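Remarks on the structure that follows.
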Amino acid sequence: MKATYLGFLASLVFLNAQAQHKTIGQRADSIIHLMTLEEKIGQMNQYTGDWQATGPITPDGDKQNQIRKGMLGSMLNVTGAAHTREIQEMAMQSRLKIPLLFGLDVIHGYRTTFPIPLAEAASWDTAAIRLSAHIAAKEAAAAGIHWTFAPMVDIARDPRWGRVMEGAGEDPFLGSQIAIARVTGFQGTRLGSTDAVMACAKHFAAYGAAIGGRDYNAVDMSDQTLWNVYLPPFKAAAEAGAATFMNSFNSLNGIPASGNAYLQRTILKGDWKFQGFVVSDWGSISEMVNHGYAKDNTQAAEEAVTAGSDMDMEGRAYIGCLAELVRSGKVKESIIDEAVKRILVKKLELGLFENPYKFCDSAKEQSQWNDAANLQVAKMMAERSIVLLKNQQGLLPLSKQTKTIALIGPLMKSVRDNLGFWSFAWPDDTTRIITQYDGIQKKVGAGTHLLYAQGCGIKDTSTAGFSEAIQAAAQADVVIVSVGEAGNMSGEAKSRSNIHLPGVQEELIKALCATGKPVVVLINAGRPLVFNWTADHAPAIVYTWFLGTEAGDAIADVLFGDYNPSGKLPISFPRSEGQIPIYYNHFNTGRPAHGDAPAPYTSGYLDLPNSPQYAFGYGLSYTNFSYSGLKLDKNQVHSGQDIQVTVQVSNTGNYDGEETAQLYIRDIVSQPVRPVKELKAFQKVWLKKGETKTITFTLTSKDLSFYDNDLHFSFQPGDFKVFVGGNSQDVKEAGFTLLDQ
Ligand code: BGC
């Protein structure tokens, strides 16, 4: 009798879920109507699987039972078509057969690893970034994944923070364009396609401004900085249709993000009308107890749900405490219903009620597994992510006919380091990942003799291996030395106070340069590093970040001229940790320091220039580009009028190549004050050797607007400067006056 009744209920849920004449919202309401309070809270509960741990796991032998009882809405870190099917089958044994969501940190690829997100940002190529996210989604979706915890759209001005590798750098405009590319890449044209996954814009909000660059640390920030710098990429992600948001570990002005109603209810779900759901970060709801914001899990759950956190990731505060909070009247059931509705709507949009196994297709998983086309895109993305920092006397590109090359350095033969943090380990990694050594070897062919010596390990303090490296260098026509951080020295909980090249690596570069041979330095890192001696003395420097599965081939293409580097830094490179936080879009101050030798009583350092070692937007090519004829179509504009900005870009060097033209503005007088430069547009332009093209940017009143101290988004009349160039420092300048409001 009971079984028959349960069967009846389940079919009712399916009927309700599938009813054609109802909107998805109405279908969710009908399901909620059938749910007990415990089942509703179950939907707001997410546990990790055991496939890989990305945080401190709470041991729990009872998970399977809880799934069968409908006490779980989602799992993370469970993957594979077969494994997700097995667990979904458990959920299908629950009373209402509500399917689980499977989430995973598919940050820069799944089976195929793409460059780390910061590296991809250096491409300034939103179409390529969208494609990379799309392929990551395709591979993950074929393995049963519905939802990626990406993109991370946190602005980061502090390279000590290890998670700088996971975002798009320091600029709100570039960060917003890349946020849109990633959200639309992951989600495709519509949720429910088995080639797409739900995106999750994270970490909401201001996580990138952790004090001292120390991960998980508190954030203290003005509203003006929050709204003008840190929120824009989130707003862009919401407008691009991001299905979910993740809140963050940090407190913001004393209120933990998970319990922050201003962020989640007022801004996200209120002002921005976000219709998706918000998942907490790992344990961040119960961590409000550690913050000293809640006295126990019960209070933490109450604060979080009231503030708009819809799902509790591995924190167990909701599953443990919410039911009692509702029964005691402290939390209204309508708040629970709202959260559950947001979650069910996404499950309905994904089509999981019609077919809970639609993403568990082993045949498709197999076909995606070794799709060579995906590797081709990874290589293209990796080439476009590389930044050429220095190339004295055209040392690069190297000739493929070079007789002898010495390949040196701790990262030259590294395998997994090439993937960087947030990547998956596959059994065949050693054969699939193209090391830098292998890439170079394939490129030069049999006529070139390669010598190899490691020189030192990444963190070594001993110089014992130097002599072998020096010997190899002495016999070579050219030396390529690959140095940097290990792949796991940046990422979550990977803050560093010292961001110099680790160990004795810079000493190794000095020793190699002392041989008098031309030395090409490859720097692998998940953040800007400090390497001043190298910057001043090595003839060629290539910043390779961590480029993924195809790293070696992409690097070889650049070194030997099959790809002319086009990357531009998405983040400023400091000369010393003492300059941090360092960013190009700073305020002018009352006593600005002009140049790198500031006059007394101006805003500078006694022992350091203010300028970065390498500026935001900087990156060389094997050819040269010059800018001329910067023109505005009007010098005076009325509010609402657009301004057309034209400029000629010429390729004056000896190679075909691609330039990223960047447009910045400065609002000269405003209240509150505005930065000395703000990126407002960029365009990639391909120019044949000797070619000139005229490019046009359109500046709109939105580009001139900002949030004032009352948080009104508007522009103020007055004079503006317009700068156009190939980086944030070397620019041509023009100006206009905005006449009225
Ligand atoms: C990270 C998130 C991540 C989550 C799940 C947390 O520790 O901060 O970015 O998505 O773990 O792995």
Side-chain angles (χ1 to χ4, degrees), residues 45-58 72-79 101-110 116-118 133 136-137 140 145-156 161-168 179 182-183 186 197-210 213-219 233-234 237 242-252 256-258 276-288 290-291 304 309-317 420-425 488 490-495 526:
N45 184 27
Q46 184 189 52
Y47 291 154
T48 182
D50 47 12
W51 195 68
Q52 75 159 25
T54 49
I57 298 184
T58 309
L72 205 61
S74 170
M75 291 205 81
L76 75 151
N77 294 337
V78 175
T79 190
L101 286 174
F102 293 105
L104 189 71
D105 292 288
V106 182
I107 306 295
H108 54 113
Y110 177 68
I116 58 167
L118 185 63
I145 300 303
H146 307 131
W147 178 20
T148 175
F149 303 126
M152 185 187 104
V153 303
D154 295 305
I155 293 295
W161 189 51
R163 295 196 83 166
V164 70
M165 56 78 58
E166 204 182 329
R182 291 200 165 123
V183 167
F186 285 132
V197 294
M198 294 198 293
C200 181
K202 71 187 188 185
H203 304 84
F204 197 62
Y207 181 45
R214 215 180 65 213
D215 209 359
Y216 314 125
N217 206 0
V219 173
F234 284 102
T244 70
F245 264 53
M246 184 185 292
N247 60 35
S248 53
F249 289 124
N250 57 287
S251 58
L252 175 64
S258 307
F277 70 87
V278 180
V279 63
S280 79
D281 204 345
W282 184 299
S284 66
I285 295 179
S286 47
E287 284 174 15
M288 285 200 280
N290 287 344
H291 277 283
S309 300
D310 301 307
M311 186 180 278
D312 179 2
M313 179 191 287
E314 193 56 34
R316 292 163 191 259
F421 201 80
W422 290 121
S423 50
F424 301 96
N488 63 5
S490 55
E492 183 175 350
K494 301 291 182 291
S495 296

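Values in this document were obtained by computation on a predicted structure and should not be read as measured data. First listed ligand is number 1; within each ligand, the first listed atom is number 1.
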Pull out every atom of ligand 1 sitting under 4.0 Å from any heavy atom of [X], numbered as shown with elements.
| X | result |
| --- | --- |
| Asp281 | 1 (C), 2 (C), 3 (C), 4 (C), 6 (C), 7 (O), 8 (O), 11 (O) |
| Glu492 | 1 (C), 6 (C), 7 (O), 8 (O) |
| Leu76 | 5 (C), 12 (O) |
| Phe149 | 10 (O) |
| Lys202 | 2 (C), 3 (C), 9 (O), 10 (O) |

Pairs of nitrogen or oxygen atoms closer than 3.5 Å, one from [X] and one from ligand 1: do any exist?
| X | value |
| --- | --- |
| Arg163 | yes |
| Trp282 | no |
| Trp422 | no |

Is any NZ, NE, NH1 or NH2 atom of the basic residue among Glu166 and Lys202 found under 4.0 Å from an Asp or Glu carboxylate oxygen of the other?
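A salt bridge is present here (some side-chain N lies under 4.0 Å from a carboxylate O).
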
Under 4.5 Å between any side-chain heavy atoms of [X] and [Y], yes or no?
| X | Y | value |
| --- | --- | --- |
| Met313 | Phe149 | yes |
| Phe249 | Glu492 | yes |
| Arg163 | Asp154 | no |
| Val164 | Ser490 | no |

My understanding is that we take every heavy atom of each candidate and find the minimum distance to atom 9 (O) of ligand 1. Doing that for Gln46, His203, Glu166, which one comes out nearest?
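Shortest heavy-atom distance from atom 9 (O) of ligand 1: His203.
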
Which atom pair, heavy atoms only, marks the closest approach of Asp215 to Ser495?
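Heavy atoms of Asp215 and Ser495 come nearest at N-OG, 3.0 Å.
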
I'd like to know if Met246 contacts ligand 1, where contact means a heavy-atom distance under 4.0 Å to any ligand atom.
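Contact check Met246 vs ligand 1: positive.
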
I'd like to know if the side chain of Ser258 reaches the main chain of Ser280, judged simply by a donor and an acceptor atom lying under 3.5 Å from each other, with no hydrogens or angles considered.
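No, the answer is negative, given that no donor and acceptor are paired below the 3.5 Å cut-off.
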
Flag the pair Trp147 / Phe277 as yes when their ring centroid distance falls below 6.0 Å, and as no otherwise.
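Distance test on ring centres: under 6.0 Å, yes.
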
Would you mind telling me if ligand 1 is within reach of the side chain of Met313, the backbone, both or neither, using heavy atoms under 4.0 Å?
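Side chain only; the backbone of Met313 stays clear of ligand 1.
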
Heavy atom under 4.0 Å from ligand 1: found in Asn77's side chain, backbone, both, or neither?
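The answer is neither; Asn77 stays 4.0 Å or more away.
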
